[in-house]
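Following: one structure in structure tokens, then a few remarks.
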Amino acid sequence: MEGVGGEGHSAAAASLNQASRLFQHYLDKSTPHTTYRWISTFVLVSLYALRVYYVQGFYIVSYGLGIYLLNLLIGFLSPLVDPEVERTDGPMLPTRGSDEFKPFIRRLPEFKFWYAITKAFCVAFVMTFFSMFDVPVFWPVLLFYWLVLFTLTMKLQIMHMIKYKYIPFNLGKQKYKGKKHAASSPQAD
């Protein structure tokens, strides 16, 4: 009898392993298609929003999802190496024009940011089908508290960005403008 159970277990493990490899294969193939990945996530977000709207519940799930998304956003906007911590030990973001150019490297890369958001909405969507997660709450209080939390967190993040002079977005390839010619500057007569 043990041999039969062991064979069934190994067959299930092999199937799970194959499904995991197939999922990882398609996930890897989706990596360069940023626009399509985000469009699919926004479709998922819309489905979740419609589900919550029509059910008129699951506000605590949405609140938890909002807190998690805020945490992901902070990781996405933050540099890999925090200049406050690394000030004495090693490299930091350039603070003057004469400093060496160092590209902005995120603490949470775009792909991992997208993947975490997509997984979070999938989990939250599935949770809306179980009534035990529909805790009755007064949702305007949760919304107000989340907006206050978002505002304060973004204020701190923006102050950090200004203090250490970094922009967490790629604004395209920077072009060298060269020195301005004396002929192009206005001359006093």
Q) Going through the checks in order, is the side chain to side chain contact (heavy atoms under 4.5 Å, CB included) test met by Leu69 and Phe121? A) CA-CA 10 Å; Leu69 294 178; Phe121 272 100; 3.7 Å; yes
Q: Might you work through the side chain to side chain contact (heavy atoms under 4.5 Å, CB included) test for His25 and Arg21, ending with a clear yes or no?
A: CA-CA 6 Å; His25 172 74; Arg21 283 182 176 209; over 6 Å; no
(Q) Run the side chain to side chain contact (heavy atoms under 4.5 Å, CB included) test on Val52 and Tyr59 for me, step by step, so that the C-alpha distance in whole Å, both residues' side-chain angles and the decisive distance to 0.1 Å come before the verdict. (A) CA-CA 8 Å; Val52 169; Tyr59 301 120; 4.3 Å; yes
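For Trp146, the CH2 atom counts as densely surrounded, since its 6.0 Å shell holds more than 12 non-hydrogen atoms of other residues, nucleotides or ligands. Crowding of Phe111 atom CZ: a count of heavy atoms from other residues, nucleotides or ligands under 6.0 Å exceeding 12. For Gln18, the CD atom counts as loosely surrounded, since its 6.0 Å shell holds 12 or fewer non-hydrogen atoms of other residues, nucleotides or ligands.
Using a 4.5 Å heavy-atom threshold, the side chains of Arg37 and Thr118 count as separate. For the pair Trp114 and Thr34, the minimum side-chain heavy-atom distance is 4.5 Å or more. In this structure, His160 and Leu77 have side chains that are not in contact, with every pair of non-hydrogen atoms separated by 4.5 Å or more. Contact check for Tyr53 versus Gln56: side-chain heavy atoms found under the 4.5 Å cut-off.
Nearest heavy atoms, Gln157 versus Tyr166: NE2-OH, 3.2 Å. Of all the heavy atoms in Ala124 and Val61, the pair that sits closest is CB-CG1, 3.9 Å.
For the residue pair Thr128 / Tyr48, no side-chain donor-acceptor distance below 3.5 Å is found, with atom types taken as modelled. Side-chain contact of Arg107 with Ser78: a donor-acceptor pair under 3.5 Å is present, judged by distance alone.
Atom CD1 of residue Ile158 and atom OG1 of residue Thr153 lie 11.0 Å apart, to the nearest 0.5 angstrom. Rounding to the nearest 0.5 angstrom, the gap separating the NZ atom in Lys119 from the OG1 atom in Thr41 is 12.5 Å. Rounding to the nearest 0.5 angstrom, the gap separating the NE2 atom in His33 from the CD1 atom in Ile39 is 12.5 Å. The structure places OH of Tyr63 at 15.0 Å from CH2 of Trp139, a figure rounded to the nearest 0.5 Å. Atoms CG and CG, from Leu22 and Leu27 in turn, are 11.0 Å apart once rounded to the nearest 0.5 Å.
Remark: aromatic rings of Phe133 and Phe129 are distant, center separation not under 6.0 Å.
In the hydrophobic clustering of this structure, Val126 groups with Val123; members are Ile, Leu, Val, Met, Phe, Trp, Tyr whose side-chain heavy atoms approach within less than 4.5 Å, directly or through other members. The cluster map of Ile, Leu, Val, Met, Phe, Trp and Tyr, joined by side-chain heavy atoms under 4.5 Å apart, puts Phe130 and Phe125 in the same cluster. Residues Leu149 and Phe76 are members of one and the same hydrophobic cluster, defined by side-chain heavy-atom contacts under 4.5 angstrom among Ile, Leu, Val, Met, Phe, Trp and Tyr. Connection of Val137 to Leu65 is established within a shared hydrophobic cluster, with ILVMFWY side chains joined at heavy-atom distances below 4.5 Å, either directly or through further cluster members. In the hydrophobic cluster analysis, where Ile, Leu, Val, Met, Phe, Trp and Tyr join through side-chain heavy atoms closer than 4.5 angstrom, Val148 is grouped apart from Leu70.
Put simply, the side chain of Ser20 never gets that close to the backbone of Leu16: no donor and acceptor are under 3.5 Å apart.
Aromatic ring orientation, Trp38 versus Phe113: tilted (interplanar angle from 30° to 60°).
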